[in-house]
Novice: 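Please see the structure below; I have some questions.
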Amino acid sequence: WGSVGGGAWSLVDEVTVSSNTNTVDLEGMNSTYKVYAVVVSLAAMDSGENVFMRFKNQGSYDTSAIYSNTSNGARSGNNAWYIQQRENLSAFEIMNISSISQAGHSCMMYIYNASSSTVRTNIQGTWMAQESGQAYMDVFAGSYSRANSNAETDGIRFFPNNRNWTAGNFRLYGIGG
């Protein structure tokens, strides 16, 4: 068997939250990698709220871009299941379960074509949380069109709507090369 190669993960940025902050910024994205991975572990908020993400282009977070996504979510214990599609948003909605607060949030996300000026950036992943014996999960996918198509993506921001992160580890990896 020969070596497959090209799949090495390189840590690009890491943020550990230990006190209240509304945003977590991961930076260092560029055209070096066509695929990035984000790993979030043991994240918590001060109160339940939806989780959003924005891309940073040439030093500014893109609020006038077009973020579109679809997600499927489930909650254990009450057999709740939902499917949502959203288009033309000012941020990418990752987790749409607002009743979780002091929970253990985890995420595995892939970002494709982050710095391409000709192809939309695609995002896919899973966000999970647990609280009081209940498990919550969102499986999401979507795309992002830059307001300025020539701007290179150099970071991402995670934020709960009107709440604070109180703990967690957020890591950005470049895959391959």
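Values below: all heavy atoms of this structure, side chains included; hydrogens, waters and symmetry mates excluded. Position 1 is the first residue of the sequence, and the numbers go up from there.
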Novice: How far apart are the closest heavy atoms of I156 and M29, and which atoms are they?
Specialist: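 It is CG2-SD, 4.0 Å.
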Novice: For the hydrophobic clusters of this structure (ILVMFWY residues joined by side-chain heavy atoms under 4.5 Å, transitively), does one cluster hold both V15 and V40?
Specialist: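 Yes, one cluster joins them.
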Novice: For M53 and I123, which heavy atoms make the closest approach, and how far apart are they?
Specialist: CE-CD1, 4.2 Å
Novice: If you measure from OG1 on T126 to CG on D138, what distance do you get to the nearest 0.5 Å?
Specialist: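 Here the interatomic distance stands at 9.0 Å.
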Novice: Using a strict cut-off of less than 4.0 Å between a Lys/Arg side-chain nitrogen and an Asp/Glu carboxylate oxygen, indicate whether D25 and R157 qualify as a salt bridge.
Specialist: yes
Novice: In chain order, what residues pass the ring-ring contact (aromatic ring centres under 6.0 Å, His included) check against Y112, with sequence neighbours excluded?
Specialist: none
Novice: Heavy atoms only: give me the nearest A91-F159 pair and the separation to one decimal.
Specialist: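 Closest approach of A91 to F159, heavy atoms only: CB-CZ, 3.9 Å.
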Novice: Under the side chain to side chain donor-acceptor pair (under 3.5 Å) test, which residues partner Y110, sequence neighbours left out?
Specialist: none
Novice: When you compare the side chain of F158 with that of V17, does any pair of heavy atoms fall below 4.5 Å?
Specialist: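 Answer no - side chains too far apart.
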Novice: Tell me if the aromatic rings of W165 and F170 count as close, with their centers under 6.0 Å from one another.
Specialist: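 Yes.
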Novice: Would S143 and N122 satisfy side chain to side chain donor-acceptor pair (under 3.5 Å), going step by step from the backbone distance to the final call?
Specialist: CA-CA 4 Å; S143 64; N122 293 310; 4.9 Å; no
Novice: Quick one: list whatever passes side chain to side chain contact (heavy atoms under 4.5 Å, CB included) with S60, sequence neighbours left out.
Specialist: none
Novice: Please identify each residue that fulfils side chain to side chain donor-acceptor pair (under 3.5 Å) with N169, with sequence neighbours left out.
Specialist: E14, T16, R171
Novice: Between the main-chain N or O of N30 and the side-chain N or O of Y36, is there a donor-acceptor pair closer than 3.5 Å?
Specialist: yes
Novice: Who pairs with D13 by salt bridge (charged side-chain N to carboxylate O under 4.0 Å, His left out), at least two apart in sequence or on another chain?
Specialist: none
Novice: In chain order, what residues pass the side chain to side chain contact (heavy atoms under 4.5 Å, CB included) check against N164, with sequence neighbours excluded?
Specialist: N20, N22, D46
Novice: For N113 and T121, does a side-chain donor sit closer than 3.5 Å to a side-chain acceptor?
Specialist: no
Novice: If I take atom OG from residue S10 and atom OH from residue Y33, how far apart are they, to the nearest 0.5 angstrom?
Specialist: 3.5 Å
Novice: What pair of heavy atoms forms the shortest contact from C107 to F140, and how long is it?
Specialist: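 So the minimum-distance heavy-atom pair works out to SG-CZ, 4.4 Å.
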Novice: What are the two closest heavy atoms between Y61 and R54, and how far apart are they?
Specialist: CD2-O, 4.1 Å
Novice: Mind listing the closest non-hydrogen atom pair of S41 and S106 along with its distance?
Specialist: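 What the structure gives for the nearest pair is CA-OG, 4.4 Å.
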Novice: Nearest 0.5 angstrom please: S68 OG to Y144 OH, how far?
Specialist: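 One gets 12.0 Å once the value is rounded to the nearest 0.5 Å.
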